[in-house]
Amino acid sequence: MADKECIFCKIANGEIPSATIYENSDFRVILDVAPANRGHALIIPKEHFKDIFDIDAVTAGKLFSLATEVARAMKSVLHCDGMNIVQNNGIIAGQTVFHFHLHLIPRYEGDHVDLHWAQGETVPTELQELAKEIRKKI
Ligand code: 5GP
Ligand code: ZN
């Protein structure tokens with residue numbers, strides 16, 4: 001169901017124009033209006049899902065399958081040297097539009113896109129214990 005207040009519902013369903021690079025019955029793929037780099041694209045489901053905790057596995061699977069095709073098409077046109085796939089969930093994680101979307105961010109040698117984080121430390125037994133806790137829920 002579309003959310004009346006949601007900008008990505010409007011974009012995905014064509015009510016608001018966008019630089020669309022692909023569309024099918026489930027998704028619209030657009031160029032980001034404020035790109036991190038040249039060719040930064042977004043894959044947006046036409047149905048309103050808030051985030052990774054809300055989207056169903058079948059739609060998410062189709063979305064990522066489409067991402068492989070879009071990524072290859074982008075690479076052939078943009079001649080990028082790499083690509084980051086980013087997907088933000090929640091304000092703390094940098095989500096600003098609360099309609100699930102996948103970022104495809106082309107990377108070019110010498111660019112200044114910053115998606116870096118400092119590597120933390122772990123205690124092996126704690127890591128195993130945590131893995132066990134999460135595993136029980138899957
Ligand atoms: P988030 O921070 O939620 O992961 O990403 C939202 C993205 O949507 C940002 O990269 C932002 O530039 C992009 N964006 C927001 N509004 C619009 C819009 O109206 N059109 C397009 N093409 N991109 C948008
Ligand atoms: Zn929406």
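Whatever order the structure lists them in is the order used to number ligands and atoms, beginning at 1. Heads up: numbering here begins at 1 and tracks the sequence.
Taking every heavy atom of I30 and a limit of under 4.0 angstrom, the matching atoms of ligand 1 come to 21 (C), 22 (N). Within the listing of ligand 1, atoms 8 (O) sit less than 4.0 angstrom from a heavy atom of L42. Atoms of ligand 1 found under 4.0 Å from any heavy atom of A34 (numbered from 1 in listed order, with element): 12 (O). Contact atoms of ligand 1 toward I11: 18 (C), 19 (O), 20 (N) (distance under 4.0 Å to a heavy atom of the residue).
At the top of the distance list for atom 15 (C) of ligand 1, counting protein heavy atoms only, stands V97 CG2, 4.0 Å. Among protein heavy atoms, the minimum distance from atom 1 (P) of ligand 1 is reached at H101 NE2, 3.2 Å. Here the heavy atom of the protein found nearest to atom 7 (C) of ligand 1 is D32 OD2, 3.6 Å. Annotation: atom 17 (C) of ligand 1 to nearest protein heavy atom, V33 CG1, 3.8 Å. When only non-hydrogen protein atoms are considered, atom 3 (O) of ligand 1 lies nearest to T96 N, 2.7 Å.
Taking the six-membered ring wherever Trp is involved, the centroid distance between the rings of H103 and H101 falls below 6.0 Å.
In terms of distance to the Zn ion (ligand 2), the nearest N, O or S atom of H99 is named ND1. The Zn ion (ligand 2) sits nearest to atom ND1 when only the N, O or S atoms of H48 are considered.
Taking any N or O of L31, backbone or side chain, at least one lies under 3.5 Å from an N or O belonging to ligand 1. Considering both main-chain and side-chain atoms, Q95 never comes within under 3.5 Å of ligand 1 through any nitrogen or oxygen pair. Annotation: H103 places an N or O atom under 3.5 Å from an N or O atom of ligand 1; distance criterion only. Checked by distance only, ligand 1 and I7 stay at 3.5 Å or farther apart across all their nitrogen or oxygen atoms.
H99 is listed as a side-chain neighbour of C9, based on a closest heavy-atom distance under 4.5 Å. Within the 4.5 Å cutoff, no side-chain heavy atoms of I43 are placed close to those of F64. Annotation: side chain of Y108 is not in contact with side chain of V113 (no heavy-atom distance under 4.5 Å). Counting heavy atoms from C-beta outward, Q87 and N89 have side chains that approach closer than 4.5 Å.
Using a 4.0 Å heavy-atom cutoff, G94 is listed among the residues neighbouring ligand 1. At least one heavy atom of F8 sits closer than 4.0 Å to an atom of ligand 1.
Annotation: K10, atom NZ; neighbour count of heavy atoms from other residues, nucleotides and ligands within 6.0 Å is above 12. More than 12 heavy atoms of other residues, nucleotides or ligands shown are found within 6.0 angstrom of CG on L115.
The backbone N or O of E109 sits less than 3.5 Å from a side-chain atom of D81, completing a donor-acceptor pair. Side-chain N or O atoms of R28 include one that pairs as donor or acceptor with a backbone N or O of I11 at under 3.5 Å.
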Verdict with reasoning, E69 to R72, per salt bridge (charged side-chain N to carboxylate O under 4.0 Å, His left out):
CA-CA 5 Å; E69 295 188 50; R72 280 191 279 267; over 6 Å; no

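Annotation: the span from D54 atom CG to H48 atom NE2 amounts to 7.0 Å, rounded to 0.5 Å.
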